[in-house]
**Q** 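Have a look at the structure that comes next, please.
For the single chain, residues carry numbers from 1 onward in sequence order. Keep in mind the model is a prediction, meaning the values are calculated, not measured. Computation of the quantities below employed the complete heavy-atom set of this structure, encompassing side-chain atoms and omitting hydrogens, waters and symmetry-equivalent molecules.
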Amino acid sequence: MSFARWASIALATALSGTLGLGAASAETLRLSHNVGDGTTWQKGAEKFGELLAERSGGEIDVRVFPNAQLAGGDQMRQADMVGRGALDLVVTSAINVTPLVPEMAVFSLPYLYDNYEQVDATTAEGGPADMLSEILLEKGIVVLAWGENGFREVTNNTRPIKSPEDMKGLNMRVAGPMYIDVMNALGANPQQMQWSETLTALQQGVVDGQENPIGAVIIPQQVYEMQKHLTTWHYSYDPIFLGISKQKWDSYDAETQTMLREAAAEAMTWQRQITREGTAEGIGFLRDHGMEVYEPTPEELTAFREATQPAFDQWAERVGPEIVGAFQTAIDGAN
């Protein structure tokens, strides 16, 4: 064999080994979220993975697991697992983290918000949501960006909901402890249940109804196929956030941390946008698919607000006056 031929083979072998090493050294991060793979949660998580792979030159890959698979279907456990370093990343809603951080219930206090402008004033960088990020950091979770689940609307198969009295006696699936107190205040029978179990429970009539946002859950999870009535009472808002284990975060240099934050911010901004678009178009879609949609008058909304005031007061005390006051100040500034 000539020297030139030998050198060519040697160079090709070396390059092949180097490329193989690069592929082998690519890091795969596991991301868990609560709901199905047709939701805007999934789309936002996938967008984050795409952006991160692109900006890291393929060195960081994100694998998305819907329906809280990595937490055995228990959506409440995900944040705790991320805090302990057992999971790398999570997309979850504020209300699902209240067992770990009760202060997260501030976002979902009944009738705290009237519109998206008020929401954005609290979740913007430098806004009061930063106070929650600091608390989550103490629990081992770094909040990378805020996204959106949305305003939660009520559905059921029994009757139209036009007043608090219409809620009495209904078996309602709820996501977290605060909503148990809200439903009790309305005279309903709350049933705390994992989302992975809820669709079957609705199909079988184990529960009469549920409450969730239109664009993020009700439409993509096809709740309209199992529920007849929907009332747009906008009684509670629920953000989601993309968080990373502090253990994993601390393993990266400053440049990689910046890349993670920027990819997360872009992905969650897009996720929020498509969620709001889906919500805006959702009422017509749901009516076209057979749901009876009731839109309450301002007077009727006042009745719901007054009926849920005891739950607001109870949870505002648990959250703490400093946090609640900071949120209310930001909301007042957005009006």
**Q** State, yes or no, whether a side-chain contact exists between Phe151 and Thr279 at a heavy-atom distance under 4.5 Å.
**A** no
**Q** Please say yes or no: joined through hydrophobic side-chain contacts below 4.5 Å, possibly via intermediate residues, are Val223 and Ile283 part of one cluster?
**A** yes
**Q** Tell me the closest heavy-atom pair linking Pro66 and Gly36, and the distance in Å.
**A** CB-C, 4.1 Å
**Q** Nearest 0.5 angstrom please: Thr98 OG1 to Ile95 CD1, how far?
**A** 4.5 Å
**Q** When you measure from the side chain of Asp88 to the backbone of Arg30, do you find a donor-acceptor pair of N or O atoms at a distance under 3.5 Å?
**A** yes
**Q** Is there side-chain contact between Arg55 and Ile60, with heavy atoms separated by less than 4.5 Å?
**A** no
**Q** Does any N or O in the side chain of Gln247 come within less than 3.5 Å of the main-chain N or O of Arg84, such that one atom is a donor and the other an acceptor?
**A** yes
**Q** Does the side chain of Gln273 come under 3.5 Å of the side chain of Thr269 through a donor N or O and an acceptor N or O?
**A** no
**Q** Is there a donor-acceptor pair under 3.5 Å between the side chain of Asn189 and the backbone N or O of Gly169?
**A** yes
**Q** Could you see if Met81 belongs to whatever hydrophobic cluster contains Trp195? Use Ile, Leu, Val, Met, Phe, Trp, Tyr and a side-chain cutoff under 4.5 Å.
**A** no
**Q** Checking side chain to side chain donor-acceptor pair (under 3.5 Å) between Tyr294 and each of Lys162, His229, Glu300, which is the one that passes?
**A** Glu300
**Q** Atom CG of Asp181 and atom CE of Met183: how far apart are they, to the nearest 0.5 Å?
**A** 11.5 Å
**Q** Taking all atoms of both residues into account, what is the closest heavy-atom pair of Trp146 and Thr123, and its distance?
**A** CD1-O, 3.8 Å
**Q** Suppose we call two aromatic rings close when their centres sit under 6.0 Å apart. Are Phe107 and Tyr113 close by that rule?
**A** no
**Q** Please check: side-chain N/O of Asn67 versus main-chain N/O of Gln69, any donor-acceptor pairing under 3.5 Å?
**A** no
**Q** Are more than 12 heavy atoms, taken from residues, nucleotides or ligands other than Lys248, located less than 6.0 Å from that residue's NZ atom?
**A** yes
**Q** To check you understand the geometry: which heavy-atom pair defines the closest contact between Pro190 and Val174, and what is its length?
**A** CB-CG2, 4.1 Å
**Q** Can you confirm whether Glu125 is buried at CD, in the sense that more than 12 heavy atoms of other residues, nucleotides or ligands lie under 6.0 Å from that atom?
**A** no
**Q** Judged by modelled atom types alone, do Asp130 and Ser133 share a side-chain donor-acceptor pair under 3.5 Å?
**A** no
**Q** With side chain to side chain contact (heavy atoms under 4.5 Å, CB included) as the test, would you mind laying out the steps for Val217 and Thr39 before giving the verdict?
**A** CA-CA 6 Å; Val217 176; Thr39 61; 5.6 Å; no
**Q** I'd like to know if the side chain of Gln309 pairs up with that of Tyr111 as donor and acceptor (distance under 3.5 Å, no hydrogens or angles considered).
**A** no
**Q** Rounded to the nearest 0.5 Å, what separation is found between the CG atom of Leu137 and the NZ atom of Lys246?
**A** 6.0 Å
**Q** Under a single-linkage definition using a 4.5 Å side-chain heavy-atom cutoff for Ile, Leu, Val, Met, Phe, Trp and Tyr, are Phe48 and Tyr252 assigned to the same hydrophobic cluster?
**A** yes
**Q** Looking only at atom types and distance, does a side-chain atom of Asp313 sit under 3.5 Å from a main-chain N or O of Ala316, one as donor and one as acceptor?
**A** no
**Q** Should Ile240 and Leu242 be regarded as members of a common hydrophobic cluster, given that ILVMFWY residues are connected when their side-chain heavy atoms come within less than 4.5 Å of each other, either directly or indirectly?
**A** yes
**Q** Look at the rings of Phe285 and Tyr224 and say which category their plane angle falls in: under 30° parallel, 30 to 60° tilted, over 60° perpendicular.
**A** perpendicular
**Q** Can Leu136 and Met104 be said to form a side chain to side chain contact (heavy atoms under 4.5 Å, CB included), step by step?
**A** CA-CA 9 Å; Leu136 284 165; Met104 290 290 281; 3.9 Å; yes
**Q** Asp208 and side chain to side chain contact (heavy atoms under 4.5 Å, CB included): which single residue from Asn157, Thr158, Leu202, Thr155 fits?
**A** Thr158
**Q** Decide yes or no for Thr329 and Asp332: does some side-chain heavy atom of the first lie under 4.5 Å from some side-chain heavy atom of the second?
**A** no
**Q** List the steps and the verdict of side chain to side chain contact (heavy atoms under 4.5 Å, CB included) for Asn34 and Trp41.
**A** CA-CA 8 Å; Asn34 303 4; Trp41 297 42; 3.5 Å; yes
**Q** Side-chain contact test, heavy atoms from C-beta onward, threshold under 4.5 Å: evaluate it for Thr40 versus Pro220 and give yes or no.
**A** no
**Q** Indicate yes or no for a side-chain donor-acceptor contact from Glu306 to the backbone of Ala303 under 3.5 Å, with no hydrogens or angles considered.
**A** no
**Q** Are side-chain N/O atoms of Asn149 and Ser93 paired as donor and acceptor at under 3.5 Å?
**A** no
**Q** A side-chain contact here means heavy atoms from C-beta on lying under 4.5 Å apart; do Ile214 and Leu230 qualify?
**A** yes
**Q** Strictly distance-based, threshold 3.5 Å: is any side-chain N or O of Thr92 a donor or acceptor partner for the main-chain N or O of His33?
**A** no
**Q** What's the spacing between Lys47 NZ and Gln42 CD if we round to 0.5 Å?
**A** 14.0 Å
**Q** Which of parallel (below 30°), tilted (30 to 60°) and perpendicular (above 60°) describes Tyr179 and Tyr235?
**A** tilted
**Q** Measure across Leu112 and Val106 and return the closest heavy-atom pair with its distance rounded to 0.1 Å.
**A** CD2-O, 3.2 Å
**Q** Do Val82 and Lys139 make a side-chain contact, defined as non-hydrogen atoms from C-beta onward lying under 4.5 Å apart?
**A** no
**Q** More than 12 non-hydrogen atoms from neighbouring residues, nucleotides or ligands closer than 6.0 Å to CZ on Arg63, yes or no?
**A** no
**Q** Determine, using the 4.5 Å side-chain heavy-atom cutoff (strictly less than), whether Trp315 and Met172 are members of one ILVMFWY cluster.
**A** yes
**Q** Should Gln118 and Thr122 be marked as a side-chain hydrogen bond (donor to acceptor under 3.5 Å, both in side chains) after you check the CA-CA gap, both sets of side-chain angles, and the distance that decides it?
**A** CA-CA 7 Å; Gln118 294 176 354; Thr122 61; over 6 Å; no
**Q** Under a 3.5 Å distance rule, please check whether Thr200 uses its side chain to pair with a backbone N or O of Glu197 as donor and acceptor.
**A** no
**Q** What I want to find out is whether Arg287 reaches Glu295 closely enough, with some N-O distance under 4.0 Å, to be called a salt bridge.
**A** yes
**Q** Is there a side-chain contact between Glu322 and Met131 (heavy atoms, below 4.5 Å)?
**A** yes
**Q** Is there a side-chain contact between Arg152 and Pro213, using heavy atoms and a 4.5 Å cut-off?
**A** yes
**Q** Could you tell me whether the side chains of Thr232 and Glu153 share a donor-acceptor contact shorter than 3.5 Å?
**A** no
**Q** So does Trp249 get a backbone contact from the side chain of Gln257, meaning a donor-acceptor N/O pair under 3.5 Å?
**A** yes
**Q** Rounded at 0.5 Å granularity, tell me how far OG in Ser163 sits from NZ in Lys168.
**A** 8.0 Å
**Q** Say whether, by atom type as modelled, one donor and one acceptor occur between the side chain of Glu103 and the main chain of Ile323 under 3.5 angstrom.
**A** no
**Q** Checking side-chain polar atoms at under 3.5 Å, does Glu211 have a donor or acceptor matched by the opposite partner on Trp233?
**A** no
**Q** If every non-hydrogen atom of Met268 is compared with every non-hydrogen atom of Gly147, which pair is closest and at what distance?
**A** SD-CA, 3.9 Å
**Q** Please walk me through it: do Glu27 and Glu59 pass side chain to side chain contact (heavy atoms under 4.5 Å, CB included)?
**A** CA-CA 6 Å; Glu27 181 180 23; Glu59 291 185 5; over 6 Å; no
**Q** Would you please say whether a donor-acceptor pair under 3.5 Å links the side chains of Gln78 and Ser32?
**A** yes
**Q** Ala94 and Asp238: which non-hydrogen atoms are nearest, and at how many Å?
**A** N-OD1, 3.5 Å
**Q** Quick check on salt bridge (Lys or Arg N to Asp or Glu O under 4.0 Å): which of Glu148, Glu117, Glu281 does Arg276 satisfy it with?
**A** Glu148
